[in-house]
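For reference, the structure is listed below as structure tokens.
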Amino acid sequence: MANNIARLIWLFLMLLSFTWGCTESAPESTIRLGLAIAPTNLDPRLATDAPSARVNRLLYSRLVDFAEDATPIPALATWEALTPIHYRFHLTEPRPTFPNGAQLTAKDVQETYTSLLDPKTVSPHRGLFQNISRMHTLSESTIDFFLLHPDPLFPSYLVIGILPANLIEINHPFHENPVGSGPFLFHQRPDASRLILKRRKDAQLIEFVKVLNPTVRTLKLLAGEIHLLQNDLPPELVTYLAENPSISFQHKQGSKFAYIGFNHQDPIVGQNLVRKAIAHAINRGQIIQYALGGRAQLAQALFPPSHWVGASQLEGYPYDPARARELLHQAGFTSERSPTLIYKTSTDPFRLRLATIIQEQLQQVGIHMSIHSHDWGTFYGDIKAGHFQMYSLAWVGLKTPDIFRHAFHSESVPPLGVNRGRYTDPLTDDLIVEAEGTSQTNQQQRIYRSLQARLLDTLPYLPLWYEENVALSTTAIRGYTVRTDGNFDGLLDIQWTSSTTHPQLARQADP
Amino acid sequence: MSALVGLLGVVSLVFFLIHMIPGDPIDVMLGESALAADREALRQGLGLHLPLYEQWWNYLTALAQADFGHSLFSGRPIVDLLLERIPVTLHLSIIALMVAIIIALPLGLLAATRQHSMYDYGSMGFALFGMSIPNFWMGPLLILVGALWLGWFPVSGQEGWNAVVLPALTLGTAMAAILARMIRSSLLEVLGEDFLRTARAKGLSSLQAIFIHALPNALLPVLTLLGLQLGGLLGGAVITETVFAWPGLGLLIIEAIQQRDYPIVQAAVLCISVTYILVNLLTDLLYAWLDPRINWQSPL
């Protein structure tokens, strides 16, 4: 029997040797960025998740970009509105090149948008461009867009990365092998959790590493296995890292808008008095100070005051438990007949912690709230189907005011839009339509500000806060700056500090 | 035959359960801003518009032809995904099992041969400690010590030959605790047997008697436990793989469930079921191989 056991051990070791293998490491000089979620789709026509959109910005050039106040500004092209339904775009010189050296042309722009509008592509962004009736290429660097009806916001939609026309024609798999004219080139994807890009100007490799667990991401940063983290960390870990002398910390006001959504068809939260009572009962300032570590700004509207339609004059609902009780009383609730609500959220531990704080604060004014947390798919499905009384979510990367129609117009109930709370208000609908039909920016601004005041009064959402963007990096690197919308553009300038410069990089630079 | 019926039951149950839980893969793939027509086109393209029983029948028909289908998201053949992930999980499982045996064997041996001594209490105390520590806590603790303080191992990932050490230790210590207790009780039983007394009477030293006669006999019931443990590990050590960003089967299933990538979940669960059946079969065969008293002939 002892012999047989020895044979068994030998067999075991043989099996082990068959499975032994480790993935290839990127070169030492690679700068690594830790992510909670890996980019899933590197085709800008198909990508919907934030990490993919941020990486695609690095790989592809686009016609239009946004200024700090989210007004559209030229990226690849300048434009002029020849008529309200006719826009002409001029590609600016020098035009960027694709990896094969070919310059980006107006034909590439036309083919990109034509393929996006092709139902066979099944692009989630097709709806945004339904207003395009046709495109016409005038020269290598000029293209006309004709619209079905006027839309002053049209240029701000043209932020989709431009693909090379010759590869679109042969159905190149851009989602896994991206080819663009952006400042970075696709280098390698060793596995689903790792993506390596090469910076064109100096061949610096940047690796995106997915590490799901935030504590492990933090430990990897401290161990120097990754060099940069941006967002997606619980506030206590951010505070811990920020106090570490070997870590550089920067933060910037963000546009990630956190809110509580209400179901307007519900007999309790469907009453404006109850929603206002909830708004007065939640001490958002205290939550920001203690639970978010002070790294958020109070929100009164969907867009921050720095946005071109931002409404800085809105006053909001100060924390006032006495007023909350009074409003509940006016709504017919007493201490004997207090409202009982269900609050839905995801299983994210931090979101759950916030939910328990809100639960406690509502309890103080006599609102009993039970928390239902579900995995993302279930939670999202319930919200879309209107199976909720209250829920909390956040909007990320909002830029254009067309979101008002999408989220608050009475015709935008899912699946036609994201009016999940089934909010219907004729005045809101009128203001949205009025703003859309106005071509003057000043007028639009005024109407959108009135609209936001109306939304704050009727509370389809209770605005909570704008979460700040934070970046934490090891002292081995420098030059990274965190952006308002949390994009990765700072990677254009990130460098090793002088003591850790890798001289071979200069020789590998892309001409 | 019974294994086949079991498998059919498992794949059908998983198929209906994963389709019944709320959440739509089209939502995850296209977001909420997609046109209704595009959503419908994609739904039809993926065959998700068909009645559930029809989808189930199509799935079983494809499965009978060894066609696991494609991932709804990446479009990659599921066989490729499984072939990428299974060796990674197998590698971790085998090393974890080795770690468990290396820790458990001396502990169990010491506890059994020094029953009611400090060694016994110490070993079993360790076993209790190991069983009580959850992997989601043990993992970061080992990272803190092994990667951050000592700098001997990478924090996570699969890069480098030594990347497997910390996840294997995390899984191995928990298993070692159970194994050590099993070895102790099994060995205590064998130590009282007549054949061991005979061996000693024939002049073998205590150590020789234990290693040549007692231990091999005591290890037979331990083998059953090892088989079950290995089956569990091959099913994907979900928490450990998540903590250590170990790209194995467990992580694949978690991601697929979150994305409602039905074909991956179905194929991975089928894979786990088959693994359990195979490991159990292998354990039975090993039993017969190791112990000549066991044979497969039916009684007359």
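Given the structure is predicted, the values throughout are model-derived calculations rather than measurements. By convention in this document, chain letters (A, B, ...) are assigned in the order of the sequence lines, proteins followed by strands, and residues within each chain are numbered from 1.
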Note: A/Ala223 and B/Val155 closest approach over all heavy atoms is CB-CG2, 3.6 Å

What part of [X] gets closer than 4.5 Å to chain B, counting heavy atoms only: side chain, backbone, both or neither?
X	result
A/Ser193	neither
A/Ser123	backbone
A/Lys210	both
A/Ala192	side chain

Rounded to the nearest 0.5 Å, what separates atom [atom1] in [X] from atom [atom2] in [Y]?
X	Y	atom1	atom2	answer
A/Arg217	B/Ser156	CZ	OG	10.5 Å
B/Leu251	A/Leu212	CG	CG	6.5 Å
A/Leu222	B/Leu148	CG	CG	5.5 Å

TODO: Among B/Ala147, B/Pro154, B/Gly151, single out the residue with the greatest number of heavy-atom pairs under 4.5 Å to chain A.
DONE: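 Result: the option with the highest number of such pairs is B/Pro154.
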
In terms of heavy-atom pairs under 4.5 Å with chain B, the winner among A/Glu176, A/Glu225, A/Gln130 is A/Glu225

Could you check whether atom CD1 of A/Ile37 has more than 12 heavy atoms from other residues, nucleotides or ligands sitting under 6.0 Å from it? no

Determine whether more than 12 heavy atoms belonging to other residues, nucleotides or ligands lie under 6.0 Å from atom OH of A/Tyr240.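 At most 12 heavy atoms, drawn from other residues, nucleotides or ligands, come within 6.0 Å of this atom.
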
Between B/Arg260 and A/Asp375, does the salt bridge (Lys or Arg N to Asp or Glu O under 4.0 Å) criterion hold? Intermediate values first, please. CA-CA 11 Å; B/Arg260 302 292 190 264; A/Asp375 83 287; 3.1 Å; yes

* Under 4.5 Å from any heavy atom of chain A - which part of B/Glu255 ->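 Only the side chain of B/Glu255 comes within 4.5 Å of chain A.
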
Identify which one of A/Val211, A/Thr215, A/Val216 satisfies the side-chain contact (heavy atoms from CB on, under 4.5 Å) criterion when paired with B/Val243.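 Of the listed residues A/Val211, A/Thr215, A/Val216, the side-chain contact (heavy atoms from CB on, under 4.5 Å) partner of B/Val243 is A/Val216.
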
Check: A/Gly377 main-chain N/O paired with B/Gln258 side-chain donor or acceptor under 3.5 Å
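Here the side-chain-to-backbone pair does not exist.
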
